[in-house]
Amino acid sequence: MKHLKQQWKTRTSIVLVVSVLVSLLLVSLELTDWAAQINQQGYSHGAAEGEKPKIAPILMYILPFVKELILIGVPMLLTLGIAKLLGLVKRVVKNKA
């Protein structure tokens, strides 16, 4: 708990900035022609119109978790990378001074 209280404003700000940037990237992806084409055609997991999807039933339960892992994990890893990079830059600047 002690570690969580250290620099909580900075850490929260970094997470917020990274989350906003990822959200903006996803919104800009939604506005592309590629996304419009997918929305127009729909996605049926390889099945023809009216058929059952040709996807394993177990994947129908696993894929939502993969989506959550990507949408949560990517911003988390970017945040950790930025925090490590900022810490490295601070140490280098502090050692030179």
Side-chain angles (χ1 to χ4, degrees):
M1 192 66 165
K2 176 181 162 185
H3 184 66
L4 291 175
K5 291 181 181 179
Q6 293 176 345
Q7 301 174 345
W8 70 270
K9 290 180 184 177
T10 306
R11 292 174 188 228
T12 304
S13 299
I14 292 171
V15 170
L16 181 65
V17 168
V18 171
S19 297
V20 167
L21 289 175
V22 169
S23 298
L24 289 173
L25 286 172
L26 289 174
V27 167
S28 65
L29 178 65
E30 182 183 354
L31 301 175
T32 62
D33 293 334
W34 175 66
Q37 180 184 7
I38 289 175
N39 288 335
Q40 186 179 19
Q41 291 177 352
Y43 189 70
S44 60
H45 295 286
E49 189 91 18
E51 291 183 18
K52 281 188 155 185
K54 294 178 183 176
I55 186 170
I58 190 74
L59 286 179
M60 296 179 98
Y61 294 104
I62 293 175
L63 288 178
F65 293 112
V66 171
K67 183 177 96 173
E68 293 299 322
L69 180 67
I70 290 171
L71 292 176
I72 294 170
V74 170
M76 178 187 67
L77 291 175
L78 288 173
T79 302
L80 288 174
I82 290 170
K84 295 275 185 185
L85 185 65
L86 288 174
L88 180 66
V89 168
K90 276 185 179 178
R91 275 185 276 157
V92 168
V93 169
K94 192 182 262 188
N95 287 338
K96 286 188 177 183

With rounding to the nearest 0.5 angstrom, report the [atom1] to [atom2] distance, [X] to [Y].
X   : Y   : atom1 : atom2 : result
I70 : L77 : CD1   : CG    : 11.5 Å
L85 : L80 : CG    : CG    : 12.5 Å
Q7  : I14 : CD    : CD1   : 8.5 Å
I72 : K67 : CD1   : NZ    : 10.5 Å

Which pair of non-hydrogen atoms, one from V18 and one from P75, has the smallest distance, and what is that distance?
CG1-O, 3.5 Å
What heavy-atom pair brings S28 and L25 nearest, and what distance separates the two atoms?
OG-O, 2.7 Å
Out of curiosity, does M76 fall in the hydrophobic cluster containing L86 (side-chain heavy atoms, cut-off under 4.5 Å, transitive links)?
no
If two hydrophobic side chains count as joined below 4.5 Å and joins carry through other members, does L69 share a cluster with V74?
no
Here's a test for you: under side chain to side chain contact (heavy atoms under 4.5 Å, CB included), which of V20, V15, L21 qualifies with V17?
L21
Is it the case that atom CG in L26 sees more than 12 heavy atoms from other parts of the structure closer than 6.0 Å?
yes
Ignoring hydrogens and geometry, is there a side-chain-to-backbone donor-acceptor pair from T12 to K9 under 3.5 Å?
no
